[in-house]
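One structure is given below, encoded as structure tokens.
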Amino acid sequence: MVAELKYEISQNAYIKLVLHALKHKTTAVNGVLLGRVNPQNESVVEIIDSAPLFHSNLALLPPLEIALIMIEEHYGSKGLGIVGYFHANERFDDAELGIVAKNIGDHICRYFPQAAVFLLDNKKLAALPKGKDQSPVLQLYIRDASKNWKLAGPDGGSQLVIKEPAANVVLSDYISSEKWQDVVDFDDHLDDIKMDWLNPELFK
């Protein structure tokens, strides 16, 4: 059953996560994916929004717990829950899913067994301005039968799709206009409570 699951991410959820990683190029960053199982098709997980979490001390539990409670409260009222996790590694050439990402992914799986973990693919991201590739600049990890995180196989591209086909074109425009500077994450919010982690102005 797990192999047949498909993850469909909205353009805004996708772009927000990538911009968050670009804002903090020299550190690891993370975020969570918000969505639901498609009411018409149980083999599709719809990722409708994303919430950027941290760019420092990703493994600290108290801030993470506070963030997850606030996120669940806000999105729960909209009928959405946490359906996955996003991670970008500190080093450009690091394409491994680390222990922090796996542990947070495991935690989310307790509440949403179909959860996915996305790892930023830096090489795809770097090639974005030069290419016409419409596939996400993300690697999809899902848990296998023995509860280990595995990179989705060669067909992983078909398991992870962006709802809007032109998302990478929009992302390229945002990168060239340095839109990433506007992204607010939970680290920013905890430093200054006036900064809104929901990023309501980001796509206006």
Side-chain angles (χ1 to χ4, degrees), residues 1-21 29-54 64-88 97 100-121 134-168 170-171 185-186 197-200 202-203:
M1 181 198 135
V2 174
E4 292 165 12
L5 271 179
K6 194 169 182 177
Y7 297 88
E8 183 184 77
I9 187 167
S10 76
Q11 177 172 293
N12 285 2
Y14 168 69
I15 289 175
K16 197 191 299 182
L17 290 176
V18 178
L19 292 180
H20 180 221
V29 306
N30 64 359
V32 288
L33 313 169
L34 291 310
R36 63 186 178 200
V37 173
N38 182 314
Q40 279 81 45
N41 183 351
E42 287 190 356
S43 65
V44 176
V45 177
E46 298 178 310
I47 299 159
I48 292 161
D49 204 350
S50 59
L53 288 175
F54 304 109
L64 177 63
E65 286 173 348
I66 293 166
L68 292 180
I69 289 167
M70 288 174 68
I71 289 166
E72 282 167 350
E73 280 181 0
H74 176 80
Y75 285 97
S77 65
K78 299 174 182 293
L80 304 178
I82 296 174
V83 297
Y85 173 76
F86 167 81
H87 194 92
L97 193 67
V100 171
K102 289 176 181 174
N103 286 345
I104 297 176
D106 286 342
H107 175 75
I108 293 169
C109 272
R110 277 186 224 149
Y111 304 95
F112 189 77
Q114 310 96 311
V117 170
F118 295 164
L119 182 67
L120 184 69
D121 187 326
Q134 293 184 347
S135 65
V137 293
L138 305 170
Q139 294 177 352
L140 167 65
Y141 284 80
I142 40 186
R143 285 215 301 191
D144 61 18
S146 46
K147 298 192 173 177
N148 294 315
W149 289 100
K150 293 275 186 264
L151 182 61
D155 61 336
S158 62
Q159 276 184 270
L160 170 60
V161 292
I162 309 173
K163 197 171 180 186
E164 296 85 352
N168 277 346
V170 179
L171 176 59
D185 65 11
F186 258 94
W197 58 271
L198 287 164
N199 290 283
L202 189 61
F203 297 108

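For the pair Ile142 and Gln159, the minimum side-chain heavy-atom distance is below 4.5 Å. Side-chain contact check for Asn199 versus Asp185: every heavy-atom pair is 4.5 Å or farther apart.
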*asked:* Quick one, His87 with Tyr141, criterion side-chain contact (heavy atoms from CB on, under 4.5 Å). Give me CA distance, side-chain angles, the key distance, then yes/no.
replied: CA-CA 11 Å; His87 194 92; Tyr141 284 80; over 6 Å; no
*Apply side-chain contact (heavy atoms from CB on, under 4.5 Å) to Ile108 and Val32, showing your working.*
CA-CA 9 Å; Ile108 293 169; Val32 288; 4.2 Å; yes
*asked:* Evaluate Glu72 against Ile82 for side-chain contact (heavy atoms from CB on, under 4.5 Å), listing each step before the verdict.
replied: CA-CA 7 Å; Glu72 282 167 350; Ile82 296 174; 3.8 Å; yes
*Derivation of the side-chain contact (heavy atoms from CB on, under 4.5 Å) call for His107 and Leu68*: CA-CA 11 Å; His107 175 75; Leu68 292 180; 4.0 Å; yes
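Nearest heavy atom pair, residue Glu164 against residue Gln11, reads OE1-N, 2.7 Å. When all heavy atoms of Leu97 and Leu119 are compared, the closest pair comes out as N-CD2, 4.1 Å. Between Tyr14 and Pro136, the shortest heavy-atom contact is OH-CA, 3.5 Å. The nearest pair of heavy atoms linking Ile47 to Val83 is CG1-CG2, 4.0 Å. Here the closest non-hydrogen pair linking Ala13 and Ser50 is O-OG, 2.8 Å. Between Tyr7 and Ala116, the closest heavy-atom pair is CE2-CB, 3.5 Å.
Partners of Phe203 by side chain to side chain contact (heavy atoms under 4.5 Å, CB included), not counting sequence neighbours, listed by chain and number: Asn12, Ile15, Lys16, Tyr174.
Going from atom CZ of Arg36 over to atom CD of Glu46 covers 4.5 Å, rounded to the nearest 0.5 Å. Going from atom CZ of Phe86 over to atom CG of Leu17 covers 5.0 Å, rounded to the nearest 0.5 Å. Interatomic distance, CD of Gln139 versus CZ of Phe118, reported as 11.5 Å (0.5 Å rounding). Distance check, rounded to the nearest 0.5 Å: CE of Met70 to CD of Glu65 gives 14.0 Å. Rounded to the nearest 0.5 angstrom, Leu120 CG and Asn30 CG are separated by 12.5 Å. Atom CD1 in Ile48 sits 10.5 Å away from atom OH in Tyr75 (nearest 0.5 Å).
Between the Gln134 side chain and the Ala166 main chain, no donor and acceptor come within less than 3.5 Å of each other. Not one N or O on the side chain of Tyr85 forms a donor-acceptor pair closer than 3.5 Å with the backbone of Asp106. Asp121 contributes no side-chain N or O that, together with a main-chain N or O of Val137, makes up a donor-acceptor pair within less than 3.5 Å.
Taking the six-membered ring for Trp and thresholds of 30 and 60 degrees, Phe54 and Phe186 have ring planes inclined between 30 and 60 degrees apart.
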